[in-house]
Amino acid sequence: MFLKTLTILARALLHCVNRGVISPKHRHVFPVGLGRGPSRLYYETAKPVDPSLAGASSTRTVDLRSDTVTKPGAAMRQAMAEAEVGDDVFGEDPTVNELQKMAAEVFGMEAALYVPSGTMANLIAVMVHCRERGDEMIVGDLSHLHIYEQGGSAQLAGVHSTMVTNLPDGTFDLDQLESKIRHGYPDAHYPRSRLVCVENTHNIQGGRVLPLPFLQEVKVLADRYGLAVHMDGARMMNAAIAQKVAPSTILQNTHTVSVCLSKGLGAPVGTMLAGPQDFISRAVRCRKALGGGLRQVGILAAAGKLALGDMINRLEEDHRHARTFAQALLECDPPLYEVDMAAVETNILRFRLRDASLTPTEFCALMAGVGEGEQAAMGQGVRVLMFPHIGGFVRAVWHLDISLEDTQLAIQKLQFVARQHSQQSPVKPRIDLTLTW
């Protein structure tokens, strides 16, 4: 009962901080131990603070939670409204057919399939590559497919997973990969190794781009043992822009790929799954079984065509804004933030706080609220939405709805928070409790 009372008290106090009822300088009223310690979150999915709670009509919101929050612009909405449609389950939606042909050409694959989501696309790939229940795939221990997709490969497809350790750049050790491949099939004791999955860019590791030589070596190893390579390429287009190569140059090192249209490319819905023609033929059956066979879906595919045709090159703008913000973190006075500039490769940025007394969760609450004296100091209230992230980091993601002006406002806010925090307590050195993966 006592613990329940403390929990309710902590939640109420944090809510008051967000509303500006309690000034951040009074945060010491939290009971010792609550909200402390290293963050074990991947990211929180709490709803953003209601702008009306900020107490200022001039509040500006900069949403850096994810590139999934983008909204279709006027041109995309018009394309959707005017799309020619048909029954896609019958293969008769012309706009879907055009999008699938377009995607196959961009990716350098034989064929492509429009799928409602990246999670479904990855599950379909696993189901097609691992044809028998009890087959095995090898995945990174910090991969999206392993962490964020509810274990669907086991839950729905009956596919066993074995893990390799993701390194800070999103890669993994090839000797470890080879050691995970089963060589005893059809020995009754072992599952059969069928598939290796890679992720590009790597989400949890901060939008890291997989080096082409690494992908080449993975493909050579997989081919040697008769395994397929599937790329969870939700942000593969960001990787192509960062490496200044065509998507097909990256994908020549994989057998299949899933690429999201609904992140930095700005479409409201959809993922493209691509690979050999026989793979896609099987994928159509799996999509139907999973409930992904849609009818007049050309109204969504029209947005996908615009995303693949017009939105790829603009991803560099997101990368540039992320680097601008990261540099400002380093130059902030007083120094509250830590960031590895070499790891800022695309639109995802992870950084840490130098003061161990300020947790990522508390920091994100301060950034999402409007603090005392903020409007006077900055001319307006600015709410910057970010997530606490695994390993004690804070994560911010740039996308097409975040302009240079938004980025500069977010920089002003993080500088304001740093000044306010320094006035409340001296910066203490952070004790690094991060686990190494």
Side-chain angles (χ1 to χ4, degrees), residues 109-111 113 115 118-167 170-200 202 210 212-234 250-258 273-290 292 437:
M109 298 285 188
E110 288 183 3
L113 181 67
V115 177
T119 295
M120 183 184 286
N122 286 335
L123 179 57
I124 290 171
V126 171
M127 292 172 70
V128 176
H129 286 303
C130 302
R131 300 179 186 178
E132 298 179 19
R133 295 183 67 84
D135 280 349
E136 184 174 68
M137 65 176 181
I138 304 172
V139 298
D141 63 339
L142 293 180
S143 65
H144 192 283
L145 202 156
H146 176 64
I147 298 292
Y148 292 133
E149 299 181 10
Q150 207 184 102
S153 298
Q155 183 182 166
L156 300 175
V159 174
H160 183 259
S161 297
T162 190
M163 291 177 290
V164 289
T165 303
N166 278 122
L167 301 175
T171 65
F172 40 75
D173 181 77
L174 294 177
D175 289 335
Q176 186 186 28
L177 171 61
E178 188 169 15
S179 74
K180 296 289 185 175
I181 298 173
R182 311 279 186 166
H183 303 292
Y185 185 84
D187 188 304
H189 295 88
Y190 306 117
R192 182 176 184 176
S193 297
R194 288 279 200 179
L195 177 65
V196 178
C197 296
V198 295
E199 182 178 338
N200 196 19
H202 199 283
L210 299 187
L212 290 176
F214 167 76
L215 291 174
Q216 292 164 359
E217 292 173 351
V218 170
K219 178 69 157 46
V220 169
L221 184 61
D223 286 344
R224 184 188 310 160
Y225 292 103
L227 276 61
V229 178
H230 172 69
M231 177 179 287
D232 174 1
I250 296 174
L251 295 177
Q252 66 185 348
N253 302 305
T254 69
H255 296 95
T256 59
V257 67
S258 59
L273 179 63
Q277 183 61 63
D278 64 334
F279 169 87
I280 293 299
S281 296
R282 292 174 179 270
V284 171
R285 288 184 54 81
C286 291
R287 185 185 68 173
K288 181 67 175 176
L290 295 173
W437 289 278

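Numbering of residues begins at 1 and proceeds along the displayed sequence.
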Would you say that [X] contacts [Y] through its side chain, given a criterion of any heavy-atom pair below 4.5 Å between the two side chains?
{"X": "Leu174", "Y": "Phe214", "value": "yes"}
{"X": "Glu199", "Y": "Leu145", "value": "no"}
{"X": "Asn200", "Y": "Thr254", "value": "no"}
{"X": "Leu221", "Y": "Arg224", "value": "yes"}
{"X": "Phe172", "Y": "Val218", "value": "yes"}
{"X": "Lys219", "Y": "His255", "value": "yes"}
{"X": "Ile280", "Y": "Glu110", "value": "no"}
{"X": "Leu215", "Y": "Met231", "value": "yes"}

Taking all heavy atoms of [X] and all of [Y], pick out the closest pair and write down the distance.
{"X": "Ala283", "Y": "Ile124", "answer": "CB-CG2, 3.6 Å"}
{"X": "Val229", "Y": "Ala222", "answer": "CG2-CB, 3.5 Å"}
{"X": "Ile138", "Y": "Leu177", "answer": "CG2-CD1, 3.7 Å"}
{"X": "Ala157", "Y": "Leu123", "answer": "CB-CD1, 4.2 Å"}
{"X": "Cys197", "Y": "Val139", "answer": "CB-CG1, 3.9 Å"}
{"X": "Arg287", "Y": "Met120", "answer": "CG-SD, 4.2 Å"}

Taking the six-membered ring for Trp and the full ring for Phe, Tyr or His, determine whether the centres of His183 and Tyr190 are under 6.0 Å apart. no
If the test is side-chain contact (heavy atoms from CB on, under 4.5 Å), which one of Val128, Leu195, Val198 qualifies with His230?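 When side-chain contact (heavy atoms from CB on, under 4.5 Å) is applied between His230 and each of Val128, Leu195, Val198, only Leu195 qualifies.
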Do any N or O atoms from the side chain of Gln176 and from the backbone of Thr165 form a donor-acceptor pair under 3.5 angstrom?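 At least one qualifying donor-acceptor pair exists.
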Main chain of Asn166, side chain of Asp141: is a donor-acceptor contact present, judged purely on distance under 3.5 Å? yes
Greater than 12 external heavy atoms within 6.0 Å of Arg282's CZ: no
Does Gln150 CD have over 12 foreign heavy atoms under 6.0 Å away?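 No, because the 6.0 Å sphere around CD of Gln150 holds 12 heavy atoms or fewer from other groups.
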If you round to the nearest 0.5 Å, how far is [atom2] of [Y] from [atom1] of [X]?
{"X": "His146", "Y": "Met137", "atom1": "NE2", "atom2": "CE", "answer": "9.0 Å"}
{"X": "Ser258", "Y": "Leu113", "atom1": "OG", "atom2": "CG", "answer": "11.5 Å"}
{"X": "Ser153", "Y": "Met127", "atom1": "OG", "atom2": "CE", "answer": "9.5 Å"}
{"X": "Gln155", "Y": "Glu149", "atom1": "CD", "atom2": "CD", "answer": "12.0 Å"}
{"X": "Arg182", "Y": "Leu227", "atom1": "CZ", "atom2": "CG", "answer": "12.0 Å"}
{"X": "Met163", "Y": "Ser143", "atom1": "CE", "atom2": "OG", "answer": "9.0 Å"}

Begin with the C-alpha distance, continue with both residues' side-chain angles, and end with the deciding distance and a verdict on side-chain contact (heavy atoms from CB on, under 4.5 Å) for Glu136 and Lys180. CA-CA 10 Å; Glu136 184 174 68; Lys180 296 289 185 175; over 6 Å; no
Give a yes-or-no answer on whether the side chains of Thr256 and His129 include a donor-acceptor pair shorter than 3.5 Å.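 A donor-acceptor contact under 3.5 Å links the two side chains.
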